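Here the structure comes first, spelled out in structure tokens, and everything after it is commentary.
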Amino acid sequence: MVVSKILRKNAFMLGALLVLALLPIALRGNAHVLNILSACLIWGVVASAWDLSIGYASVWSFGHIAFFVIGGYTGAMTVMYLGIPPEAAIPLGGVAAAVIGILIALPCLRLHGIYIAMVTFGVHLVLSTFILRWRDYTFGATGLSGFERIQLGQYVFSSSVPFFSYYVIFGVSVLLLFIIYRVINSTIGLAFVGLRDSEPFAKSLGINEYKYKLIVFGISAFIAGLMGALYTSFYGTVSPFMLEVSTFLMVLIMLMLGGLGRFPGAVIGAFVITVLSEALRPLVLWRFVILGAIVITVMIAMPQGLMALPQTIKSFARRVTQRKQIKKDSIKTSSI
Amino acid sequence: MKILQAEKVTKLFGELAAVSNLDFEVESGEIFGIAGPNGAGKTTLFNLISGVYPYTGDIIFEGKSIHGLRPFQICHRGIARTFQIPVLFSSISVYDNIRMGAHFGAPKEKNEKELIKEIIDLVGLRGQEETIAANVDLFDKRLTMLAAALATKPRLLLVDEPTGGLSPKEVRASVELFHKINQELGVTIIIIEHLMKVMVEVCDRLMILNNGEKFCIGSPQKVIQTREVIDIYLGG
């Protein structure tokens with residue numbers, strides 16, 4: 001009974017997981033598509049972790065991509081300079097980002113909304129200067145490359161070995177998305193929603209807002225950092241160009257398009273934007289214009305994002321039926 | 001036995017004294033009313049007791065100072081409150097709103113579900129549990145807010161204008177509910193209310209505030225007949 005209820009409630013997510021698990025088998029020969037799917041998963045997890053902060057806890061952290069890059073550099077540098085195995089370096093990227101995330105959260109505890117956004121975006125801006133200045137270790141604008149990758153027998157975790165790499169990314173993504181799902185549905189998630197919907201009431205009911213702000217910064221930075229390290233290992237390079245505003249905006253758009261606070265909306269947003277961006281690549285700069293137009297159209301039609309699509313269709317159908325009924329009634333009245 | 005004592009409590013907003021040198025005491029088990037014209041400092045006083053604003057002076061709850069504590073710590077000490085405008089967690093169900101209080105505010109409950117069930121029955125929200133809080137009517141919104149506050153198992157409940165916007169029938173039901181909470185749960189209540197009829201029916205004692213100062217205190221029947229109180233209310 002309980003199992004069937006859970007299955008019914010999560011039918012969409014389970015179906016999507018099954019498709020994603022089987023799709024590479026059908027696409028085995030197509031390295032390009034497999035790498036695009038891998039990118040979709042990476043950005044889907046990064047955007048979902050950001051959603052935990054912005055969408056669920058209403059903590060407008062704009063340092064999320066900085067955490068992603070911190071994870072990437074930590075992963076690469078611990079392998080290069082400390083000789084740590086790449087399998088261990090990836091979670092270390094998450095830990096480093098979480099520690100920095102919590103340190104950044106401390107001055108944000110008494111702040112709200114746009115002020116948190118300003119402080120955290122400051123960190124994003126400072127990070128690229130820091131990377132460029134610390135060139136003896138970071139190689140400045142060139143970035144780091146050529147570090148050891150995860151290897152399992154003959155398989156190397158790299159974009160040039162797409163089939164094996166896809167399943168590594170798929171496994172890590174499913175695990176992290178499950179953690180995000182569990183957090184959202186736990187009492188921690190309940191506290192986030194409480195602080196988002198009505199902070200004064202939440203505090204009056206015994207919720208310690210500082211504690212939950214630290215938790216959300218810690219969890220979302222950990223996941224972003226871990227995915228940053230995984231991304232760096234997958235592509236074999238990390239550079240300050242990842243801190244460009246275009247990356248920041250792209251992930252933010254994925255999140256908004258999917259639907260704020262509507263898990264797994266951010267994953268859907270990531271798939272839509274990544275696939276569209278690849279499909280429109282031949283149009284060079286025009287692709288940004290077309291992408292922008294699509295995003296604006298969706299946001300106007302569905303301000304709550306793609307996750308609200310079923311509700312939007314239902315309410316549209318209801319309106320159409322009502323209009324038809326009114327027409328019918330008026331015809332009847334006029335004929336009388 | 002005194003449950004709450006305010007000693008020379010003052011709150012300044014710039015030059016303006018919203019609450020000025022205020023002293024009063026609330027007895028354990030009573031329903032204590034606070035009334036006064038708009039801007040008298042009633043809601044500010046609730047915000048001071050519940051730790052929203054810093055202040056000078058002292059507030060003592062059950063013999064211990066609560067000065068400087070944050071709102072969640074004050075809740076854990078045993079003081080809960082409701083707000084003048086219903087400020088619910090609008091995106092989640094009525095049940096989850098109440099669960100918020102039971103989980104985070106109540107001392108570690110062995111049976112959280114049982115506690116929530118009892119409170120839902122007490123306030124009369126049975127049948128509304130699964131409704132999203134944004135979709136319930138004003139009366140049920142007020143009841144949900146009250147239920148969430150009660151789920152923290154408070155010994156002192158601060159209720160800010162609970163009848164605003166309600167129909168006479170709903171006001172009647174609210175009055176009965178406050179008596180029930182006070183008598184069945186043994187919760188001391190401090191209530192801010194504009195409707196004098198409600199104050200007379202519900203309160204054991206009534207304090208009138210004016211310009212942030214205590215104007216008078218006593219039994220509601222006596223207080224509302226005081227010439228000066230009538231003048232304050234009519235702007236005389």
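Letters go in sequence order (proteins before strands), and every chain restarts at 1. Predicted model, so just to flag it, every value in this text is computed and none were measured.
- In this structure, chain A has heavy atoms under 4.5 Å from both the backbone and the side chain of S90(B).
- Side-chain contact check for R99(B) and T187(A): no donor-acceptor pair (N or O, by modelled atom type) lies under 3.5 Å.
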- Between F72(B) and I207(A), does a side chain to side chain contact (heavy atoms under 4.5 Å, CB included) hold up when you go through it step by step? CA-CA 6 Å; F72(B) 82 94; I207(A) 295 177; 5.7 Å; no

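- Between the CZ atom in R196(A) and the CZ atom in F89(B) there is a gap of 11.0 Å [rounded to 0.5 Å].
- In this structure, Q304(A) places its CD atom where only 12 or fewer heavy-atom neighbours from other residues, nucleotides or ligands lie under 6.0 Å away.
- None of L190(A), N208(A), L205(A) except one satisfies the side chain to side chain contact (heavy atoms under 4.5 Å, CB included) rule with F104(B); the exception is L190(A).
- Between the OG1 atom in T144(B) and the CZ atom in F201(A) there is a gap of 8.5 Å [rounded to 0.5 Å].
- Atom OG of S204(A) and atom CD1 of I79(B) lie 11.5 Å apart (nearest 0.5 Å).
- Nearest heavy atom pair, residue C75(B) against residue G206(A), reads SG-N, 3.5 Å.
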- Derivation and outcome, side chain to side chain contact (heavy atoms under 4.5 Å, CB included), residues F83(B) and S198(A): CA-CA 11 Å; F83(B) 294 78; S198(A) 177; over 6 Å; no

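- With chain A as the partner, the residue from N97(B), L88(B), T82(B) showing the most heavy-atom pairs under 4.5 Å is L88(B).
- For the pair R70(B) and Y210(A), the cation sits on the ring face: its NZ or CZ lies under 6.0 Å from the ring centre, inside 45° of the axis.
- For M299(A), the CE atom is densely surrounded, since the number of other residues' heavy atoms within 6.0 Å is greater than 12.
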